[in-house]
Amino acid sequence: MNTAAQAVGWAPDSWQTKQAIQQPHYKDQAAVDVAVARLAALPPMVTSWEIEALREHITAAQKGEAFVLQGGDCAENFEECTSENIVRKLKILLQMSLVLTAGLKRPVVRIGRMAGQYAKPRSADTEIRDGVELPSYRGDLINGLAFDAATREPDPDRLLRGYERASMTLNFIRSLIDGGFADLHHPENWDLDFVGHSASADQYHRIVERIADSLDFFESITGTPIAQARRVEFYTSHEGLHLLYEQAQTRFLEHRQAWYNLTTHYPWIGMRTAAPDGAHVEYFRGICNPIAVKVGTALSIGELTRLIETLNPDKEWGRLTLIHRFGAGSLEAQLPPIVAAVQKLDTPVLWVCDPMHGNTESTADGYKTRRFSNILAELEAAFRVHESLGSKLGGVHLELTGDHVTECIGGARGLTEKDLKNAYRTQVDPRLNYEQAMEIALNIANHHAN
Ligand code: PEP
Ligand code: CO
């Protein structure tokens, strides 16, 4: 049995006795209660069998026997819950995973920031424009982006609308995969047209051909089709930020004698809500899912130690991921003491690098952007530093899209500050476009084979 099954003094709502930051202020409490009760009555999105299978994969990644690819939008939004968007995101993640598997010679665990990534932490509760002050946009699960009083008012009904869209997203992903979309014999299903003919496209197609040849070869000499090559596993994750939403679908499963959050396989705690005695850590300590915490420069060694002792008291494999996000300029100084502290505790964790959130900057024109060179530099430094400390980087966490957006500067196509306006579509943080995302995957694959 799992530790969290027995977390002392814990209940799905025990977080309510702690300080819960980054929660919306709803005006109508009765409407919130109704929405949460309705949400709690709906069937779950995922099952404990899937969650337990993911725990095994995370354990393998901790041991260096698998690699985690976690990626998707900074924030999904309701309008973009369309078949094209879901297909393109799935395609880029499948393509990247193929490149990583071929290069790293390890299974890749595919995890989308998808099917529920609808709530965002904000630096201020309100936003002021031309003297008008309104609640900040907190993600489509809470309110809308347009700057008018009605749209910005947190609406509890959105909890249900978000859950429905998350379910539709996951349902479509499952159907695509079960129907053979991810069949390795037919990678052309998930080809994204590389505009022009970039170096990445050539290298990618060579990898695809090599895999197809190997499959053909194996199947022809054994005379048996490789059934496992027809479908892949795909997992979902989101920031477990809106605690009433997370609580509503937290169930005690009799057959496991344990509590699970069934809105997603793999929820994470954001950097801003990772206080060891805060409400988010209280909620997370009692659920049995594999969980992750974002670790940034502000976290002290003392806090990190308390976090780990609270979230993984029995030092279980597959339980806890630390996603570090320091910024290219800080990683080399910040990561070593953190790795040393974890090594001293002797608690297994999965180390994942998020090279996005420590590298955000604003241009003179007011665009929030990230430089591809910084993203790559942080990732490279993460591999290097872990290795030098006898630790293992077991995964990467990226904000990306399958579209040709212009939100991050640089990459093979050399996007400049001036290009940002062409297709800047994110509502929150800048994402790698599909070429930049593929370039990151090729880079990892080329430089970090076992
Ligand atoms: C995010 O992942 O979108 C995010 C807000 O990250 P962090 O908590 O690391 O700042
Ligand atoms: Co983000």
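Note that ligands are numbered from 1 as they come in the structure, with each ligand's atoms numbered from 1 the same way. Just so you know, residue 1 is the first one in the sequence shown, and it goes up from there.
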Problem - Phe78 ring center near Tyr118 ring center (under 6.0 Å) - result: yes
Handout entry: All salt bridge (Lys or Arg N to Asp or Glu O under 4.0 Å) counterparts of Arg325, not counting sequence neighbours
Key = none
Completion exercise
To atom 9 (O) of ligand 1, the nearest of Arg325, Glu399, His397 on a heavy-atom basis is Arg325
Practice task
Could you pull out, from Arg272, Lys294, Arg113, Met271, the option with a heavy atom nearest to atom 6 (O) of ligand 1?
Solution key: Lys294
Handout entry: Any His25 side-chain heavy atom under 4.5 Å of Pro135 side chain
Key = no
Exercise for the section: Report, in ascending order of atom number, the atoms of ligand 1 lying under 4.0 Å from any heavy atom of Gly270. Expected result: 8 (O)
Practice task
Mind jotting down which residue pairs meet the salt bridge (charged side-chain N to carboxylate O under 4.0 Å, His left out) criterion with at least one end in residues 88-99? Sequence neighbours excluded, please.
Solution key: Asp73-Lys89, Arg88-Asp403
Exercise for the section: Please list, in chain and residue-number order, the protein N/O/S atoms closer than 2.8 Å to the Co ion (ligand 2). Expected result: Cys74 SG, His357 NE2, Glu399 OE2, Asp429 OD2
Problem - Heavy-atom side-chain contact between Glu239 and Pro267 under 4.5 Å - result: no
Problem - Sub-6.0 Å ring centroid separation between His57 and His265 - result: no
Exercise for the section: Please say whether His357 places an N or O atom under 3.5 Å from an N or O atom belonging to ligand 1. Expected result: yes
Practice task
Check whether any side-chain N or O of Trp10 sits under 3.5 Å from a backbone N or O of Glu282 as a donor-acceptor pair, and report yes or no.
Solution key: yes
Completion exercise
Residues pairing under salt bridge (charged side-chain N to carboxylate O under 4.0 Å, His left out) where one sits in residues 380-400, two or more places apart or in two chains, turn out to be Arg113-Glu399, Glu332-Arg384, Arg370-Glu399
Problem - Heavy atom of Lys120, distance to ligand 1 below 4.0 Å - result: yes
Completion exercise
For Cys74, the atoms of ligand 1 under 4.0 Å from one of its heavy atoms are 3 (O)
Exercise for the section: Name the orientation class of the two ring planes belonging to Phe326 and His324 (parallel below 30°, tilted from 30 to 60°, perpendicular beyond 60°). Expected result: parallel
